[in-house]
Amino acid sequence: MMVERSAVLDRTYAALSDPTRRALLVALSRGDARISDLADPLPMTFAGVSRHVAVLESAGLIRRDVRGREHWLSIRPDGLREAERWIAEQAAFWSERADALAARLERTHRR
Amino acid sequence: MTDAPATSAVVRRVLPAPQEVVYDAWIDEDALAEFMCPYPVRATKVEIEPRIGGRFFVEMTEANHATEISGEYLELDRPHRLSFSWSYAPGVDSVVTITFEAHGEGHTLMTIDHTKLPPEDVESHTGGWSSIAELLERQLAAL
């Protein structure tokens, strides 16, 4: 695997490895929000949420837009695409191996 | 958030042989060399020690590019279940679990479940991978 791609996956999965950040992503999947909107339902300070937001932002999973004096956050589905493709590739890898095993058994086991 | 099933690649196949025969193919170096490396991939090295803690090593070569996969056996329960760790790069660790179930006369339903664990260098490597499949599904459904 290329190092660059591996780094992208590391960042994505590191960002997703925290339950608070997953909850933030799920909240944002329902619509754009400000940090204060996200912080309200969580037992966490604004600064705490802000740190998690920064991690998600640097992993490319969310985007921040400044509208007037407010910072609005929105989800970037593209950010998850690499991770999703990776899982699909693993399934394809094993599917080929299972086919090859089936072919071998057809040959060696069946008379 | 509670732990959902971990993200994994799952492949199922009905195979034309009884459980014991299918199971044994996974702990046989010649068989592994053939089916783990289907054309155009070549097996350039297969070394396995099928006992708990024993080594699992496969070197696959495709177009002069070699990939080394190494791990160790975690579970050997002939002919039902086989599990080994699977790593292809430093810090990448995952687990492959294969289950074999009787499926009609002389056939076996084989399930390969490749579970990915988060890289070691992330801040938390517990519970991290959980819920991602669910999350991915949700994100993709929202597109």
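A note on names: the letters A, B, ... follow the listed sequences, proteins ahead of strands, and every chain is numbered from 1. Every heavy atom of this structure was used, including side-chain atoms; hydrogens, water molecules and symmetry mates were not.
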Derivation and outcome, side chain to side chain contact (heavy atoms under 4.5 Å, CB included), residues B/Trp26 and A/Leu101: CA-CA 9 Å; B/Trp26 282 89; A/Leu101 176 57; 3.6 Å; yes
Is B/Ala17 close to chain A through its backbone or its side chain, or both, or neither, when contacts mean heavy atoms under 4.5 Å? both
Just checking A/Arg51: does its CZ atom have more than 12 heavy atoms from other residues, nucleotides or ligands closer to it than 6.0 angstrom? no
Do other residues, nucleotides or ligands put more than 12 heavy atoms under 6.0 Å from the CZ atom of B/Arg55? yes
If you apply the rule side chain to side chain contact (heavy atoms under 4.5 Å, CB included), what do you find for A/Trp94 with B/Val96, and how did you get there? CA-CA 10 Å; A/Trp94 287 111; B/Val96 177; 3.7 Å; yes
In this structure, are over 12 heavy atoms from other groups packed under 6.0 Å from B/Arg42 atom CZ? no
Could you tell me which of A/Ala15, A/Ala103, A/Ala98 has the largest number of non-hydrogen atom pairs under 4.5 Å with chain B? A/Ala98
Are B/Val21 and B/Phe35 connected into the same hydrophobic cluster when the rule is that any two of I, L, V, M, F, W, Y join if their side-chain heavy atoms are below 4.5 Å apart? yes
Using the rule that Ile, Leu, Val, Met, Phe, Trp and Tyr join whenever any side-chain heavy atoms are under 4.5 Å apart, tell me whether A/Leu56 and A/Trp72 fall into a single cluster. no
Taking every heavy atom of A/Ala91 against every heavy atom of B/Val11, the minimum-distance pair comes out as O-CG2, 3.4 Å
Sidechain-backbone polar pair: A/Arg97 side chain, B/Met36 backbone, donor-acceptor under 3.5 Å: yes
Quick one: CZ on A/Arg104 to CG on B/Asp28, what's the gap to the nearest 0.5 Å? 6.0 Å
May I ask whether B/Phe57 and B/Trp86 are part of the same hydrophobic cluster, defined by side-chain heavy atoms of I, L, V, M, F, W, Y residues being less than 4.5 angstrom apart, directly or through others? no
Do B/Leu76 and B/Phe56 land in one hydrophobic cluster if side-chain heavy atoms of ILVMFWY residues count as linked below 4.5 Å? yes
Would you name the heavy atoms of A/His109 and B/Pro16 that are closest together and state the gap between them? CD2-O, 3.5 Å
Check A/Arg107 with B/Glu34, please: is the shortest side-chain N to carboxylate O separation under 4.0 Å? yes
